[in-house]
Amino acid sequence: MAKQRALGADATLLCAFETVYGTAPDGSGGGVYSKLSFKSTAVGAEQPLGTDALLGQGRNAQDPFYEPVTVNGDIVVPVDLRAFGFWLKGLFGAPVTTDNEDGTYSHVFTSGGVLPSLSVETGFPALTVPVFNMVSGLKLGGFQIDMSRSGPVNATLNNNIAQGETTAATSEDAAPAEYELQRFSQGSGSIKLGGSQLASVTAGSISFSNNLEAVETIRSDNKIDGADEGEATATGSVTLRYASDATVRDAVAAQTPVAMEFGWAIPGSEGYALTFSLPRVFLPKPKQSIDGPGGISAQYNWQAANDPDDDYMLRATLVNDVESY
């Protein structure tokens, strides 16, 4: 039954990589776009009003003017076994995929490359008059994933920049492709330092940024020319209970970079896993404070740097049963 008002439960998110920047792929044949699960999305066009008061017109407000249109916003998505590879491609570029010849494939995404652009359709098909908003020329700015002891793993895709938005009464792709959903759990997560499991970790996070810059040229259609990739950066934190294990303290004292790894696995699977590898991470020395009679913790806000030998700063490896992205 059609509805008069839109609900988030009825919303759909369809995405496809573009061949030409800012041009949404033709999905009329079906299977061109992928229908992806999401927790929230704020990607869309915005055009605020501005004011410029003139004298000699009395005390009442005068007409506002329209500021330039901006198309941006964050997307929060589940970190899952299959569909997250689509987002990784948007964040890093196309992966190098290896057939493991056991029914699994290893997809390796590396930071520092040229990013593809996407078209993203947010749809409300259950409305009496359906509405489908298509954002084109979208580039993904970065992500943040927080680690904890329980719950599912989610990622915030942030600082995204797009070129334009259009609205239609029908979906661009009536029969989109879909990935079988299988989420990673926080309980299967791990943080390694120098190849060994880090002890006494109570929290952690990893953030990556492409540091996109909108090319805001003067043009009659109010669109940007594009979004250029800046310096790729990776930062994060690990919170440790102060204990006899001096692994991190020794790394800090040495003032030399160490290899870190954040990852999750699917228990009982054929090696299904997602791993973020950072070959050169610098750890600061935090102030050690004692705030009460309970346990003592310290938070290390790390920064990653490029490895000149392997020529990457951050590498994501996703092992699943998807043949290609």
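- Residue F184 holds its CZ atom at 5.0 Å from CG of L274, rounded to the nearest 0.5 Å.
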Check the pair Y179, F84 against ring pair (Phe, Tyr, Trp, His ring centres under 6.0 Å), reporting the backbone distance first and the verdict last. CA-CA 10 Å; Y179 294 99; F84 196 63; over 10 Å; no
Given D146 and Q144, is the side-chain hydrogen bond (donor to acceptor under 3.5 Å, both in side chains) satisfied, shown in steps? CA-CA 7 Å; D146 295 323; Q144 178 171 330; 3.0 Å; yes
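- Residues P78 and N154 approach most closely at CA-OD1, 3.6 Å, considering heavy atoms.
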Go through the steps for T217 and D225 under the test side-chain hydrogen bond (donor to acceptor under 3.5 Å, both in side chains), then give the verdict. CA-CA 6 Å; T217 55; D225 273 359; 3.0 Å; yes
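- In this structure, K139 does not pair ionically with D228, as no charged nitrogen and carboxylate oxygen lie closer than 4.0 Å.
- No more than 12 heavy-atom neighbours from other residues, nucleotides or ligands sit within 6.0 angstrom of OH on Y66.
- The neighbour count for Q303 CD, taken as heavy atoms of other residues, nucleotides or ligands under 6.0 Å away, does not exceed 12.
- The heavy-atom pair separating V319 from S106 by the smallest distance is CG2-OG, 3.6 Å.
- Across H107, E180, R82, a single residue satisfies side chain to side chain donor-acceptor pair (under 3.5 Å) together with N320, and that is H107.
- For the atom pair CD (E216) and OG1 (T70), the distance works out to 8.5 Å, reported to the nearest 0.5 Å.
- Within 6.0 Å of CD in E270 there are 12 or fewer heavy atoms belonging to other residues, nucleotides or ligands.
- Classification of the F92-F208 ring pair by plane angle, with boundaries at 30° and 60°, yields tilted.
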Take D173 and S171 through the side-chain hydrogen bond (donor to acceptor under 3.5 Å, both in side chains) test and state the conclusion after the steps. CA-CA 5 Å; D173 193 332; S171 176; over 6 Å; no
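- The number of heavy atoms from other shown groups lying within 6.0 Å of CZ (R219) is above 12.
- Of all heavy-atom pairs between R315 and T110, the closest is CG-OG1, 4.3 Å.
- Geometrically, K89 does not engage F109 in a cation-pi contact defined by less than 6.0 Å to the ring centre and at most 45° from the axis.
- Interatomic distance, L318 CG to T275 OG1, rounded to the nearest 0.5 Å: 9.0 Å.
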